[in-house]
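Pasting a structure below so you can have a look.
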Number of protein chains: 2
Amino acid sequence: MVNESYHHENLKSELIKNGLKLLDEEGYENFSLRKVAKACGVSHTAPYRHFRNKDDLIIAITLKAEHRFNSSLQEAINSYPNDIKSQIKEMGYTYVKFFVENPEYLRLLFRSDLKKHLNNENCEILKDNVQPFGTFYNTIVRYQSENQSNDAGCITDLNALVLACWGLVHGIAVLISTKDFVYEGDYLELTRKILWSETFL
Amino acid sequence: MVNESYHHENLKSELIKNGLKLLDEEGYENFSLRKVAKACGVSHTAPYRHFRNKDDLIIAITLKAEHRFNSSLQEAINSYPNDIKSQIKEMGYTYVKFFVENPEYLRLLFRSDLKKHLNNENCEILKDNVQPFGTFYNTIVRYQSENQSNDAGCITDLNALVLACWGLVHGIAVLISTKDFVYEGDYLELTRKILWSETFL
DNA sequence: TTGTAATGTTGACATCGTAAACATTGTTGG
DNA sequence: CCAACAATGTTTACGATGTCAACATTACAA
């Protein structure tokens, strides 16, 4: 019998799209392969034709999420074409805002146990991958090269500077989005206050 | 028939202890109630006599982990009895070191979706709970009250200052322990460089 | 056209969280 | 002392899940 919908055609991208939506809606803990398959109107083992296992699909979803994240950061940078210091501040603010608005993405983008799966076999996937952290890194590098330690006492080691800047915004994002930092006011306003103070850069 | 080991006596604390060990050894994803039960030499539903469900046990384990964490922070503070600035730096360093050495604890102590379970019913558990974040907060408060914004441009808002300090060390801890920040040198040395620079406090 | 690779389905299995019914033990009031 | 009862542990069962093997359907290339 000829079934029109036997071949779903682009099931792979459909699984990624619906998977990301499912993660947003039901959270990381309630994410399951079978639900994603059902959302695509397909049998529960169909995903195995496109992904080796559950983690493989999650990695693919992660790459899509990373792409969105990177676009946000890039947009922030572009809004200050000539002022690198403002670029960094705005990028940091965007970094925090992104994860506050998409808390589930933190679970996705920062899972150490998934990183080890990204070995040689997955390099084809990684080829067209954008690294938001590379974006972050490069911006700091440009800042430092233009700003040859005119203050005494500031952080001169490049790696230390990157870790400090990146760590600061990442930590703020985590503490707010996990609700560990309790505050009755506006979180993003507070974040702005930190990043635009003289202490930071 | 009289079975000597029918009553396990202190199964509850045994479950927490073995659960914490299991989390350390096999990671958060591979943690299961049945494995913990087996580790205690008990049937797979025995934990339900002491915990309402899996999350309840995880919360109990989390409280134990928080206690350990808080002890580390407290120890760091005590090592500089008279220098509050050094207290904060040392506490920050200990903060990072703790999570670098116990990466799984990050998944435990910072799960937003578990926090909502800590409602009124669990308050009995929370009574003897120590809040490492309270420890952090209080130290910053003491710092600011002794150090009434002698620098212009520094962060004067107390909440902003706490979020900045806490966020910085937390972010560093996360980025290192998830291996998102790649660096061929000594991570803790880099951390030390950041926290003891003039830029930080 | 025919065979083969790509893609989807069905059925099965082990593991898991959890609930219900039952068994054993410690405790307590008559 | 003993009978009721609460506390604690076991057995059994069910549905959800990840994954594998066997099979079905379709696309495509020799």
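Because the structure is a prediction, the values reported are computed rather than measured. Each chain gets a letter, A, B and so on, in the order the sequences are listed, and its residues count up from 1.
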So which protein N/O to nucleotides 18-21 of chain C N/O distances come out below 3.5 Å?
{"from": "dT18(C)", "atom 1": "OP2", "to": "Y48(B)", "atom 2": "OH", "distance (Å)": "3.0"}
{"from": "dT18(C)", "atom 1": "OP2", "to": "K54(B)", "atom 2": "N", "distance (Å)": "2.9"}
{"from": "dT18(C)", "atom 1": "O5'", "to": "Y48(B)", "atom 2": "OH", "distance (Å)": "3.2"}
{"from": "dT18(C)", "atom 1": "O4", "to": "R34(B)", "atom 2": "NH1", "distance (Å)": "3.4"}
{"from": "dT18(C)", "atom 1": "O4", "to": "H44(B)", "atom 2": "NE2", "distance (Å)": "3.3"}
{"from": "dA21(C)", "atom 1": "N6", "to": "R49(B)", "atom 2": "NH2", "distance (Å)": "3.2"}

- [ ] Please give the angle, rounded to 10 degrees, between the axes at the start and the end of the helix from dT1(C)-dA30(D) to dG30(C)-dC1(D), where five pairs define each axis.
- [x]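 Taking five pairs per end, the axes differ by 10°.
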Open item on the list: Expressed as a whole number of angstroms, how long is the span from E14(B):CD to dT8(D):P?
Closed with: 15 Å
- [ ] Please identify each residue that fulfils side chain to side chain donor-acceptor pair (under 3.5 Å) with K89(B), with sequence neighbours left out.
- [x] none
Task: All side chain to side chain donor-acceptor pair (under 3.5 Å) counterparts of E75(B), not counting sequence neighbours - done: none
- [ ] List in chain and number order the residues that pass side-chain contact (heavy atoms from CB on, under 4.5 Å) with S86(B), two or more places apart in sequence or in another chain; answer none if no residue qualifies.
- [x] Y80(B), D83(B)
Task: Most 5' of N30(B) and S43(A) on DNA chain C, judged by nearest nucleotide - done: S43(A)
Open item on the list: Using a 6.0 Å cut-off, check whether atom NZ of K17(A) has over 12 heavy atoms from anything other than its own residue.
Closed with: no
Less than 3.5 Å apart, which donor and acceptor atoms pair up between the side chains of residues 39-50 of chain A and the rest of the protein, not counting sequence neighbours?
none

Open item on the list: Tell me whether E101(B) is salt-bridged to K97(B), with the criterion being a basic N under 4.0 Å from an acidic carboxylate O.
Closed with: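 Yes, this pair counts.
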Open item on the list: Can you list everything that forms a side chain to side chain donor-acceptor pair (under 3.5 Å) with N138(B)? Sequence neighbours excluded, please.
Closed with: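 Here no residue qualifies.
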- [ ] Rounded to the nearest angstrom, tell me the gap between atom CG in N10(B) and atom P in dG26(C).
- [x] 14 Å
Open item on the list: Please enumerate all residues that pass side-chain contact (heavy atoms from CB on, under 4.5 Å) together with S72(A), with sequence neighbours excluded.
Closed with: T94(A), F98(A)
- [ ] Counting heavy atoms from C-beta on, name the nucleotide in dC16(C), dT10(D), dT17(D) closest to the side chain of S32(B).
- [x] dC16(C)
Task: Length of the CZ-C1' vector between F51(B) and dG9(D), whole Å - done: 15 Å
Open item on the list: Rounded to whole Å, how long is the line connecting atom CG of L57(A) with atom P of dT17(D)?
Closed with: 14 Å
Task: Nucleotide dT25(D), atom P - distance to CG of L11(A) in whole Å - done: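 To the nearest whole Å, that distance equals 19 Å.
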- [ ] Identify whether any heavy atom of K35(A) sits under 4.0 Å from a base atom; if not, whether one sits that close to sugar-phosphate; answer base, sugar-phosphate or nothing.
- [x] sugar-phosphate
Task: With N30(A) via side chain to side chain donor-acceptor pair (under 3.5 Å) - residues at least two apart - done: none
